[in-house]
Amino acid sequence: MLHFEGLRKKIIKNYFTIIIITVALFEGLFIFYIQNYYYDYVRQSLMNQKDYTNSVYDLPTTGSISFESKVKNIVEKQNTEKNSMYAIEIINKNSEIIIDPYGFRVKEKVSYEDVTRALSGVKDKDLTPYTYRQPETNEHVMSISVPLKTNNIIEGVVRYTVSLDKIDNIIFKLTFGLILAGICILLIAISLSLRFAESLIQPLRELKQFANELAHGNYSIKLKNTNISDDEIGDLAQTFEHMAAEIDKSEKLKEEFISSISHELRTPLTSIKGWSETLGYEGITKDELDLGLGIIQDETERLIKLVNELLDFSRLASDRIKLQIDMVDIRHLATGVVNQLKVKSSEKNITLSVEFEDEEIESVQGDKNRLRQVLINLIQNAIKFTSEDGFVKLVVSQGEEYTTIRVIDNGCGIESQNLDKVLDKFFQEDYNKAGSGLGLAISHEIVKLHGGTMNIDSEKGRGTAITITIKNKLIESI
(Lines give C-alpha, C1' and ligand atoms only; values in the text may rest on other atoms or scores of the structure.)
Protein backbone atom coordinates (compact mmCIF):
# COMPACT_ATOMS: atom_id res chain seq x y z
CA MET A 1 0.00 0.00 0.00
CA LEU A 2 1.39 3.38 -1.02
CA HIS A 3 1.66 6.16 1.52
CA PHE A 4 1.74 9.64 0.03
CA GLU A 5 3.88 11.30 2.64
CA GLY A 6 7.42 12.39 3.22
CA LEU A 7 9.79 12.34 0.26
CA ARG A 8 7.32 10.41 -1.93
CA LYS A 9 4.74 13.17 -1.44
CA LYS A 10 7.28 15.87 -2.32
CA ILE A 11 8.50 14.07 -5.43
CA ILE A 12 5.00 13.32 -6.74
CA LYS A 13 3.75 16.81 -5.88
CA ASN A 14 6.64 18.57 -7.61
CA TYR A 15 6.74 16.19 -10.56
CA PHE A 16 2.96 16.35 -11.01
CA THR A 17 2.94 20.14 -10.70
CA ILE A 18 5.57 20.46 -13.42
CA ILE A 19 3.63 18.11 -15.72
CA ILE A 20 0.32 19.94 -15.11
CA ILE A 21 1.91 23.32 -15.82
CA THR A 22 3.64 21.96 -18.94
CA VAL A 23 0.51 20.26 -20.30
CA ALA A 24 -1.70 23.26 -19.47
CA LEU A 25 0.68 25.69 -21.18
CA PHE A 26 1.06 23.44 -24.21
CA GLU A 27 -2.68 22.86 -24.58
CA GLY A 28 -3.50 26.53 -23.93
CA LEU A 29 -1.05 27.67 -26.59
CA PHE A 30 -2.25 24.99 -29.02
CA ILE A 31 -5.93 25.89 -28.51
CA PHE A 32 -5.08 29.56 -28.87
CA TYR A 33 -3.22 28.80 -32.09
CA ILE A 34 -6.08 26.68 -33.50
CA GLN A 35 -8.71 29.32 -32.70
CA ASN A 36 -6.62 32.08 -34.21
CA TYR A 37 -5.89 29.96 -37.25
CA TYR A 38 -9.58 29.35 -38.05
CA TYR A 39 -10.72 32.84 -37.12
CA ASP A 40 -7.88 34.43 -39.09
CA TYR A 41 -8.89 32.33 -42.08
CA VAL A 42 -12.46 33.63 -41.89
CA ARG A 43 -11.28 37.17 -41.21
CA GLN A 44 -8.95 37.10 -44.22
CA SER A 45 -11.76 35.68 -46.40
CA LEU A 46 -14.02 38.57 -45.40
CA MET A 47 -11.26 41.06 -46.17
CA ASN A 48 -10.88 39.44 -49.58
CA GLN A 49 -14.62 39.84 -50.11
CA LYS A 50 -14.31 43.49 -49.23
CA ASP A 51 -11.61 43.97 -51.86
CA TYR A 52 -13.60 41.96 -54.37
CA THR A 53 -16.73 44.06 -53.77
CA ASN A 54 -14.85 47.32 -54.20
CA SER A 55 -13.36 46.12 -57.45
CA VAL A 56 -16.74 44.98 -58.84
CA TYR A 57 -18.78 47.96 -57.73
CA ASP A 58 -16.27 50.55 -58.97
CA LEU A 59 -16.09 49.22 -62.54
CA PRO A 60 -16.56 52.00 -65.17
CA THR A 61 -19.30 50.00 -66.86
CA THR A 62 -21.50 50.41 -63.82
CA GLY A 63 -21.32 54.18 -63.69
CA SER A 64 -24.77 54.84 -65.26
CA ILE A 65 -26.48 51.87 -63.64
CA SER A 66 -28.85 52.40 -60.72
CA PHE A 67 -27.94 51.42 -57.17
CA GLU A 68 -30.46 48.59 -57.17
CA SER A 69 -28.98 47.14 -60.37
CA LYS A 70 -25.46 47.42 -59.07
CA VAL A 71 -26.19 45.56 -55.86
CA LYS A 72 -28.21 43.00 -57.76
CA ASN A 73 -25.19 42.48 -59.97
CA ILE A 74 -23.01 41.92 -56.85
CA VAL A 75 -25.45 39.39 -55.42
CA GLU A 76 -25.73 37.52 -58.71
CA LYS A 77 -21.98 37.37 -59.14
CA GLN A 78 -21.64 36.14 -55.56
CA ASN A 79 -24.23 33.42 -56.19
CA THR A 80 -22.48 32.51 -59.43
CA GLU A 81 -19.35 31.80 -57.36
CA LYS A 82 -21.45 29.15 -55.57
CA ASN A 83 -19.89 30.25 -52.30
CA SER A 84 -22.30 29.30 -49.57
CA MET A 85 -19.91 30.48 -46.87
CA TYR A 86 -21.19 34.05 -46.83
CA ALA A 87 -24.60 35.45 -46.08
CA ILE A 88 -25.10 38.71 -48.03
CA GLU A 89 -27.24 41.63 -47.02
CA ILE A 90 -27.75 44.82 -49.00
CA ILE A 91 -28.43 47.88 -46.85
CA ASN A 92 -29.19 51.36 -48.13
CA LYS A 93 -27.79 54.60 -46.77
CA ASN A 94 -30.71 54.83 -44.34
CA SER A 95 -29.59 51.60 -42.61
CA GLU A 96 -32.54 49.72 -44.12
CA ILE A 97 -32.17 46.18 -45.44
CA ILE A 98 -32.96 46.06 -49.14
CA ILE A 99 -32.08 42.43 -49.69
CA ASP A 100 -31.77 40.02 -46.75
CA PRO A 101 -29.48 36.93 -46.68
CA TYR A 102 -32.26 34.84 -48.24
CA GLY A 103 -32.69 37.16 -51.25
CA PHE A 104 -35.97 38.70 -50.11
CA ARG A 105 -36.62 42.41 -50.31
CA VAL A 106 -37.49 43.83 -46.91
CA LYS A 107 -37.53 47.28 -45.37
CA GLU A 108 -36.16 46.46 -41.96
CA LYS A 109 -33.91 48.96 -40.24
CA VAL A 110 -30.73 47.63 -38.59
CA SER A 111 -28.20 49.02 -36.13
CA TYR A 112 -25.20 46.75 -36.56
CA GLU A 113 -21.96 48.41 -35.51
CA ASP A 114 -20.11 47.41 -38.66
CA VAL A 115 -22.94 48.89 -40.78
CA THR A 116 -22.85 52.13 -38.81
CA ARG A 117 -19.09 52.43 -39.30
CA ALA A 118 -19.34 51.70 -43.02
CA LEU A 119 -22.04 54.35 -43.50
CA SER A 120 -20.09 56.89 -41.41
CA GLY A 121 -17.47 57.18 -44.13
CA VAL A 122 -14.43 55.73 -42.36
CA LYS A 123 -11.42 54.94 -44.46
CA ASP A 124 -11.38 51.65 -46.27
CA LYS A 125 -8.29 50.42 -44.40
CA ASP A 126 -10.14 50.90 -41.09
CA LEU A 127 -12.94 48.56 -42.06
CA THR A 128 -12.33 45.26 -40.27
CA PRO A 129 -14.55 42.25 -39.49
CA TYR A 130 -16.57 42.18 -36.26
CA THR A 131 -17.23 39.09 -34.15
CA TYR A 132 -20.39 38.90 -32.05
CA ARG A 133 -23.49 36.84 -31.28
CA GLN A 134 -26.84 37.40 -32.94
CA PRO A 135 -29.28 38.67 -30.28
CA GLU A 136 -32.21 36.71 -31.72
CA THR A 137 -30.54 33.32 -32.32
CA ASN A 138 -27.36 33.58 -30.19
CA GLU A 139 -25.48 32.49 -33.29
CA HIS A 140 -21.78 33.26 -33.23
CA VAL A 141 -20.93 35.19 -36.41
CA MET A 142 -18.26 37.34 -37.98
CA SER A 143 -19.24 40.08 -40.42
CA ILE A 144 -17.88 42.97 -42.41
CA SER A 145 -19.79 45.82 -44.07
CA VAL A 146 -18.41 47.39 -47.24
CA PRO A 147 -19.67 50.86 -48.29
CA LEU A 148 -20.88 51.17 -51.89
CA LYS A 149 -19.80 54.52 -53.29
CA THR A 150 -20.35 56.42 -56.47
CA ASN A 151 -18.18 59.52 -56.94
CA ASN A 152 -17.20 59.17 -53.26
CA ILE A 153 -20.87 59.32 -52.24
CA ILE A 154 -22.05 56.36 -50.14
CA GLU A 155 -25.15 54.84 -51.70
CA GLY A 156 -25.42 51.88 -49.37
CA VAL A 157 -23.64 48.94 -47.79
CA VAL A 158 -23.12 45.32 -48.69
CA ARG A 159 -22.72 43.16 -45.59
CA TYR A 160 -21.02 39.76 -45.56
CA THR A 161 -21.66 37.46 -42.61
CA VAL A 162 -20.07 34.10 -41.79
CA SER A 163 -21.35 31.75 -39.10
CA LEU A 164 -18.67 30.64 -36.63
CA ASP A 165 -20.73 27.90 -34.99
CA LYS A 166 -19.22 25.12 -37.11
CA ILE A 167 -15.74 26.47 -36.49
CA ASP A 168 -16.46 26.70 -32.76
CA ASN A 169 -17.68 23.11 -32.87
CA ILE A 170 -14.44 21.99 -34.52
CA ILE A 171 -12.41 23.96 -31.98
CA PHE A 172 -14.43 22.41 -29.14
CA LYS A 173 -13.78 18.87 -30.43
CA LEU A 174 -10.07 19.58 -30.77
CA THR A 175 -10.00 21.11 -27.30
CA PHE A 176 -11.85 18.13 -25.84
CA GLY A 177 -9.41 15.77 -27.55
CA LEU A 178 -6.46 17.75 -26.18
CA ILE A 179 -7.94 17.64 -22.66
CA LEU A 180 -8.37 13.86 -22.91
CA ALA A 181 -4.80 13.57 -24.16
CA GLY A 182 -3.67 15.81 -21.28
CA ILE A 183 -5.49 13.59 -18.77
CA CYS A 184 -3.79 10.52 -20.26
CA ILE A 185 -0.45 12.27 -20.02
CA LEU A 186 -1.14 13.17 -16.39
CA LEU A 187 -2.07 9.57 -15.58
CA ILE A 188 1.13 8.37 -17.23
CA ALA A 189 3.03 11.09 -15.34
CA ILE A 190 1.55 9.92 -12.03
CA SER A 191 2.59 6.35 -12.80
CA LEU A 192 6.11 7.42 -13.79
CA SER A 193 6.43 9.72 -10.78
CA LEU A 194 5.40 6.88 -8.47
CA ARG A 195 8.03 4.62 -9.98
CA PHE A 196 10.58 7.43 -9.90
CA ALA A 197 9.76 8.18 -6.25
CA GLU A 198 10.01 4.51 -5.37
CA SER A 199 13.37 4.21 -7.15
CA LEU A 200 14.67 6.99 -4.90
CA ILE A 201 12.92 6.03 -1.68
CA GLN A 202 13.82 2.32 -1.69
CA PRO A 203 17.61 2.85 -1.57
CA LEU A 204 17.14 5.70 0.91
CA ARG A 205 15.04 3.38 3.06
CA GLU A 206 17.87 0.86 2.98
CA LEU A 207 20.35 3.59 3.85
CA LYS A 208 18.14 4.55 6.80
CA GLN A 209 18.05 0.95 8.03
CA PHE A 210 21.80 0.76 7.50
CA ALA A 211 22.30 3.95 9.56
CA ASN A 212 20.05 2.57 12.33
CA GLU A 213 22.16 -0.57 12.46
CA LEU A 214 25.29 1.58 12.69
CA ALA A 215 23.70 3.58 15.50
CA HIS A 216 23.17 0.30 17.40
CA GLY A 217 26.80 -0.70 16.94
CA ASN A 218 26.43 -3.19 14.08
CA TYR A 219 29.40 -2.12 11.95
CA SER A 220 29.66 -5.35 9.95
CA ILE A 221 26.35 -4.79 8.12
CA LYS A 222 26.36 -4.72 4.32
CA LEU A 223 23.97 -2.93 1.98
CA LYS A 224 21.83 -4.81 -0.52
CA ASN A 225 23.29 -3.61 -3.80
CA THR A 226 20.28 -4.89 -5.82
CA ASN A 227 18.24 -1.75 -5.11
CA ILE A 228 21.05 0.78 -5.25
CA SER A 229 21.93 2.22 -8.63
CA ASP A 230 25.23 3.57 -9.89
CA ASP A 231 24.58 7.24 -9.19
CA GLU A 232 24.90 9.78 -6.36
CA ILE A 233 22.83 7.55 -4.07
CA GLY A 234 25.09 4.64 -4.96
CA ASP A 235 28.11 6.80 -4.11
CA LEU A 236 26.45 7.70 -0.81
CA ALA A 237 25.84 4.01 -0.11
CA GLN A 238 29.48 3.19 -0.81
CA THR A 239 30.47 6.04 1.50
CA PHE A 240 28.24 4.56 4.22
CA GLU A 241 29.82 1.15 3.77
CA HIS A 242 33.30 2.64 3.83
CA MET A 243 32.37 4.65 6.92
CA ALA A 244 31.06 1.51 8.61
CA ALA A 245 34.27 -0.36 7.76
CA GLU A 246 36.39 2.52 9.09
CA ILE A 247 34.30 2.76 12.27
CA ASP A 248 34.58 -1.00 12.73
CA LYS A 249 38.30 -0.74 12.19
CA SER A 250 38.57 2.17 14.62
CA GLU A 251 36.48 0.32 17.22
CA LYS A 252 38.72 -2.72 16.99
CA LEU A 253 41.82 -0.53 17.19
CA LYS A 254 40.30 1.27 20.18
CA GLU A 255 39.60 -1.99 21.94
CA GLU A 256 43.10 -3.22 21.18
CA PHE A 257 44.52 0.13 22.28
CA ILE A 258 42.59 0.07 25.56
CA SER A 259 43.76 -3.49 26.16
CA SER A 260 47.34 -2.57 25.30
CA ILE A 261 47.35 0.67 27.29
CA SER A 262 45.78 -1.10 30.26
CA HIS A 263 48.58 -3.63 30.13
CA GLU A 264 51.20 -0.94 29.61
CA LEU A 265 49.91 1.01 32.60
CA ARG A 266 49.27 -1.97 34.86
CA THR A 267 52.71 -3.53 34.48
CA PRO A 268 54.83 -0.51 35.58
CA LEU A 269 52.29 0.55 38.20
CA THR A 270 52.31 -2.97 39.64
CA SER A 271 56.12 -2.91 39.75
CA ILE A 272 56.19 0.53 41.33
CA LYS A 273 53.56 -0.43 43.92
CA GLY A 274 55.27 -3.72 44.74
CA TRP A 275 58.73 -2.26 45.11
CA SER A 276 57.49 0.77 47.04
CA GLU A 277 55.95 -1.65 49.55
CA THR A 278 59.08 -3.77 49.58
CA LEU A 279 61.31 -0.75 50.24
CA GLY A 280 59.21 0.01 53.30
CA TYR A 281 60.13 -3.24 54.99
CA GLU A 282 62.72 -3.17 57.79
CA GLY A 283 65.94 -5.01 57.23
CA ILE A 284 66.11 -4.43 53.46
CA THR A 285 69.65 -4.65 52.13
CA LYS A 286 71.40 -1.92 50.18
CA ASP A 287 71.50 -4.07 47.04
CA GLU A 288 67.74 -4.66 47.25
CA LEU A 289 67.24 -0.94 47.85
CA ASP A 290 69.32 -0.03 44.80
CA LEU A 291 67.52 -2.63 42.67
CA GLY A 292 64.09 -1.45 43.77
CA LEU A 293 64.88 2.22 43.22
CA GLY A 294 66.29 1.42 39.79
CA ILE A 295 63.15 -0.51 38.79
CA ILE A 296 60.90 2.26 40.09
CA GLN A 297 62.92 4.81 38.09
CA ASP A 298 62.77 2.72 34.89
CA GLU A 299 59.06 2.08 35.21
CA THR A 300 58.42 5.76 35.93
CA GLU A 301 60.31 6.75 32.78
CA ARG A 302 58.27 4.15 30.88
CA LEU A 303 55.04 5.74 32.16
CA ILE A 304 56.28 9.23 31.31
CA LYS A 305 57.10 8.10 27.76
CA LEU A 306 53.65 6.54 27.40
CA VAL A 307 51.92 9.68 28.67
CA ASN A 308 54.02 11.87 26.33
CA GLU A 309 53.02 9.70 23.38
CA LEU A 310 49.37 10.05 24.31
CA LEU A 311 49.75 13.84 24.65
CA ASP A 312 51.51 14.03 21.28
CA PHE A 313 48.78 11.96 19.69
CA SER A 314 46.12 14.24 21.18
CA ARG A 315 47.91 17.34 19.87
CA LEU A 316 48.37 15.82 16.40
CA ALA A 317 44.72 14.76 16.25
CA SER A 318 43.63 18.33 16.98
CA ASP A 319 46.38 19.99 14.84
CA ARG A 320 47.85 21.68 17.91
CA ILE A 321 51.47 20.64 17.33
CA LYS A 322 53.52 23.59 16.07
CA LEU A 323 57.07 23.15 14.84
CA GLN A 324 59.83 25.29 16.31
CA ILE A 325 61.74 25.87 13.08
CA ASP A 326 65.50 26.28 13.38
CA MET A 327 68.63 25.14 11.57
CA VAL A 328 69.29 21.47 12.42
CA ASP A 329 72.68 19.80 12.02
CA ILE A 330 71.55 16.40 10.77
CA ARG A 331 75.03 14.81 11.14
CA HIS A 332 75.28 15.91 14.76
CA LEU A 333 71.65 14.92 15.47
CA ALA A 334 72.00 11.41 14.00
CA THR A 335 75.32 10.76 15.75
CA GLY A 336 73.91 11.98 19.09
CA VAL A 337 70.83 9.74 18.90
CA VAL A 338 72.93 6.68 18.01
CA ASN A 339 75.31 7.33 20.90
CA GLN A 340 72.35 7.86 23.24
CA LEU A 341 70.82 4.47 22.35
CA LYS A 342 74.03 2.39 22.17
CA VAL A 343 73.69 1.39 25.80
CA LYS A 344 70.19 0.03 25.10
CA SER A 345 71.35 -1.81 21.97
CA SER A 346 74.33 -3.30 23.78
CA GLU A 347 72.00 -4.89 26.34
CA LYS A 348 70.79 -7.16 23.50
CA ASN A 349 74.22 -7.33 21.90
CA ILE A 350 72.89 -5.50 18.86
CA THR A 351 75.29 -3.53 16.69
CA LEU A 352 74.04 0.06 16.33
CA SER A 353 75.84 2.29 13.81
CA VAL A 354 75.42 5.42 11.72
CA GLU A 355 76.57 5.93 8.12
CA PHE A 356 76.71 9.11 6.04
CA GLU A 357 76.64 8.55 2.29
CA ASP A 358 77.70 12.15 1.56
CA GLU A 359 80.82 13.74 2.97
CA GLU A 360 79.11 17.05 3.52
CA ILE A 361 75.68 17.04 5.13
CA GLU A 362 74.33 20.57 5.33
CA SER A 363 72.00 21.74 8.07
CA VAL A 364 68.30 21.67 7.27
CA GLN A 365 65.36 23.68 8.47
CA GLY A 366 63.20 21.85 11.01
CA ASP A 367 62.27 21.22 14.61
CA LYS A 368 65.33 19.66 16.24
CA ASN A 369 63.49 18.10 19.18
CA ARG A 370 60.73 16.61 17.00
CA LEU A 371 63.26 15.14 14.54
CA ARG A 372 65.20 13.67 17.48
CA GLN A 373 61.92 12.17 18.72
CA VAL A 374 61.38 10.52 15.31
CA LEU A 375 64.88 9.04 15.16
CA ILE A 376 64.74 7.77 18.74
CA ASN A 377 61.35 6.18 18.09
CA LEU A 378 62.48 4.46 14.89
CA ILE A 379 65.73 3.15 16.36
CA GLN A 380 64.07 1.97 19.59
CA ASN A 381 61.47 0.10 17.52
CA ALA A 382 64.22 -1.48 15.45
CA ILE A 383 66.08 -2.58 18.60
CA LYS A 384 62.89 -3.95 20.15
CA PHE A 385 62.08 -6.15 17.15
CA THR A 386 65.67 -7.26 16.43
CA SER A 387 67.03 -10.40 18.04
CA GLU A 388 70.34 -10.63 19.88
CA ASP A 389 73.49 -10.37 17.77
CA GLY A 390 71.54 -8.49 15.13
CA PHE A 391 72.24 -5.02 13.76
CA VAL A 392 70.51 -1.66 13.41
CA LYS A 393 71.98 0.89 11.00
CA LEU A 394 71.15 4.56 10.48
CA VAL A 395 71.99 5.76 6.93
CA VAL A 396 71.87 9.47 6.03
CA SER A 397 72.06 10.99 2.53
CA GLN A 398 71.25 14.42 1.17
CA GLY A 399 70.09 15.84 -2.15
CA GLU A 400 69.49 19.40 -3.32
CA GLU A 401 65.90 19.49 -2.02
CA TYR A 402 65.49 16.57 0.39
CA THR A 403 67.45 14.79 3.09
CA THR A 404 66.89 11.03 3.37
CA ILE A 405 67.31 9.02 6.56
CA ARG A 406 66.96 5.24 6.61
CA VAL A 407 66.76 2.96 9.65
CA ILE A 408 67.69 -0.58 8.61
CA ASP A 409 67.59 -3.72 10.76
CA ASN A 410 67.67 -7.49 10.34
CA GLY A 411 64.94 -8.10 12.86
CA CYS A 412 61.72 -10.11 12.71
CA GLY A 413 60.19 -7.96 9.96
CA ILE A 414 56.52 -7.24 9.24
CA GLU A 415 53.89 -9.39 7.57
CA SER A 416 53.14 -8.14 4.04
CA GLN A 417 49.40 -7.75 4.78
CA ASN A 418 50.24 -5.43 7.69
CA LEU A 419 52.55 -3.04 5.84
CA ASP A 420 49.67 -0.68 5.05
CA LYS A 421 48.54 -0.71 8.68
CA VAL A 422 51.71 -0.12 10.68
CA LEU A 423 51.39 3.66 10.32
CA ASP A 424 47.82 3.57 11.64
CA LYS A 425 47.19 4.83 15.16
CA PHE A 426 47.14 2.13 17.86
CA PHE A 427 48.14 -0.64 15.46
CA GLN A 428 50.52 -3.28 16.82
CA GLU A 429 51.44 -6.40 14.94
CA ASP A 430 52.52 -8.15 18.13
CA TYR A 431 50.47 -7.12 21.15
CA ASN A 432 52.76 -9.15 23.41
CA LYS A 433 55.47 -6.56 22.83
CA ALA A 434 55.45 -3.47 25.01
CA GLY A 435 54.21 -0.29 23.38
CA SER A 436 51.15 1.83 22.71
CA GLY A 437 51.02 1.52 18.92
CA LEU A 438 51.37 5.31 18.61
CA GLY A 439 55.09 5.73 18.00
CA LEU A 440 55.14 5.20 14.23
CA ALA A 441 51.88 7.11 13.73
CA ILE A 442 53.26 10.13 15.63
CA SER A 443 56.59 9.93 13.79
CA HIS A 444 54.77 9.81 10.46
CA GLU A 445 52.77 12.95 11.33
CA ILE A 446 55.93 14.80 12.40
CA VAL A 447 57.64 13.86 9.12
CA LYS A 448 54.63 15.15 7.16
CA LEU A 449 54.84 18.43 9.08
CA HIS A 450 58.40 18.70 7.76
CA GLY A 451 57.11 18.34 4.19
CA GLY A 452 58.37 14.78 3.96
CA THR A 453 57.25 11.17 3.60
CA MET A 454 57.78 7.88 5.40
CA ASN A 455 58.00 4.55 3.59
CA ILE A 456 58.37 1.07 5.05
CA ASP A 457 59.92 -1.92 3.28
CA SER A 458 59.89 -5.17 5.18
CA GLU A 459 59.87 -8.90 4.79
CA LYS A 460 58.90 -11.27 7.54
CA GLY A 461 61.99 -12.85 9.06
CA ARG A 462 64.37 -10.76 6.91
CA GLY A 463 64.25 -7.32 8.52
CA THR A 464 62.83 -3.87 7.97
CA ALA A 465 63.96 -0.62 6.31
CA ILE A 466 62.10 2.60 7.18
CA THR A 467 62.92 5.55 4.91
CA ILE A 468 62.02 9.12 5.79
CA THR A 469 62.57 12.16 3.58
CA ILE A 470 62.34 15.72 4.82
CA LYS A 471 62.66 19.00 2.99
CA ASN A 472 65.92 20.84 3.40
CA LYS A 473 64.13 24.19 3.44
CA LEU A 474 60.67 24.65 4.89
CA ILE A 475 60.61 28.46 4.59
CA GLU A 476 62.56 30.99 2.58
CA SER A 477 64.38 32.46 5.53
CA ILE A 478 64.45 32.13 9.29
Side-chain angles (χ1 to χ4, degrees), residues 20-58 71 74-91 95 97-103 108-149 154 156-186:
I20 287 177
I21 293 174
T22 303
V23 171
L25 286 175
F26 172 77
E27 292 193 352
L29 290 173
F30 195 69
I31 291 170
F32 177 77
Y33 169 78
I34 290 174
Q35 186 178 31
N36 280 351
Y37 172 79
Y38 281 104
Y39 281 17
D40 284 346
Y41 173 76
V42 175
R43 189 175 291 109
Q44 186 59 45
S45 298
L46 290 173
M47 294 297 290
N48 291 338
Q49 284 300 119
K50 181 190 75 170
D51 296 337
Y52 170 77
T53 301
N54 288 334
S55 64
V56 171
Y57 193 80
D58 289 341
V71 296
I74 292 175
V75 173
E76 288 176 352
K77 284 194 175 184
Q78 186 66 41
N79 292 333
T80 303
E81 296 287 337
K82 296 182 180 180
N83 192 340
S84 60
M85 179 179 178
Y86 308 102
I88 304 174
E89 295 175 275
I90 305 299
I91 302 168
S95 300
I97 298 177
I98 299 175
I99 301 176
D100 67 6
Y102 304 102
E108 181 183 348
K109 192 160 185 172
V110 296
S111 59
Y112 298 124
E113 186 175 350
D114 54 319
V115 174
T116 303
R117 283 179 57 84
L119 291 174
S120 65
V122 297
K123 294 181 180 180
D124 185 69
K125 64 179 181 179
D126 295 329
L127 293 175
T128 56
Y130 280 81
T131 302
Y132 59 96
R133 288 192 176 275
Q134 294 278 14
E136 303 84 3
T137 61
N138 199 37
E139 183 182 11
H140 195 200
V141 298
M142 184 183 295
S143 65
I144 187 170
S145 295
V146 184
L148 303 175
K149 301 178 183 179
I154 297 176
V157 170
V158 58
R159 185 169 185 263
Y160 297 98
T161 304
V162 178
S163 175
L164 298 177
D165 284 347
K166 290 184 178 180
I167 293 175
D168 290 342
N169 189 39
I170 293 173
I171 294 174
F172 174 78
K173 289 180 180 179
L174 291 174
T175 301
F176 184 72
L178 286 173
I179 291 174
L180 287 179
I183 293 173
C184 292
I185 291 172
L186 291 178

Is there a side-chain contact between Tyr38 and Val42 (heavy atoms, below 4.5 Å)? no
Nearest 0.5 Å please: distance from the CZ atom of Phe32 over to the CG atom of Leu25. 13.5 Å
Scanning both residues in full, the closest heavy-atom pair of Leu127 with Ile144 reads O-CD1, 4.0 Å
Any pair counted as side-chain hydrogen bond (donor to acceptor under 3.5 Å, both in side chains), so long as it reaches residues 164-181, sequence neighbours left out: Tyr39-Asp168, His140-Asp168
Taking side chain as C-beta onward, heavy atoms only, is Leu119 less than 4.5 Å from Ile154? yes
Can you confirm whether Ile20 sits close enough to Leu186 that some side-chain heavy atom of one is under 4.5 Å from a side-chain heavy atom of the other? yes
With a 4.5 Å heavy-atom cut-off, do Leu46 and Met142 have their side chains touching? yes
Qualifying residues under salt bridge (charged side-chain N to carboxylate O under 4.0 Å, His left out), relative to Arg43, sequence neighbours excluded: Asp40
Mind checking what makes side chain to side chain contact (heavy atoms under 4.5 Å, CB included) contact with Phe26, not counting sequence neighbours? none
Tell me, please, which residues at least two apart from Thr161 pass side chain to side chain donor-acceptor pair (under 3.5 Å). Arg159
Measuring from atom OH of Tyr37 to atom CD1 of Ile167, what distance do you get when rounded to the nearest 0.5 angstrom? 10.5 Å
Which pairs pass side-chain hydrogen bond (donor to acceptor under 3.5 Å, both in side chains) with one or both residues in residues 25-35, sequence neighbours excluded? none
Does Gln134 have any side chain to side chain contact (heavy atoms under 4.5 Å, CB included) partners at least two apart in sequence or in another chain, and if so, which? Tyr112, Tyr132, Glu136, Thr137, Glu139, Val141
Which atom of Gly182 lies closest to which atom of Val23, heavy atoms considered: CA-CG1, 3.7 Å
If the condition is side chain to side chain contact (heavy atoms under 4.5 Å, CB included), which residues does Glu113 pass it with, not counting sequence neighbours? Tyr130
Using the side chain to side chain contact (heavy atoms under 4.5 Å, CB included) criterion, which residues pair with Thr116? Sequence neighbours excluded. none
To check you understand the geometry: which heavy-atom pair defines the closest contact between Pro147 and Ala118, and what is its length? CB-O, 3.6 Å
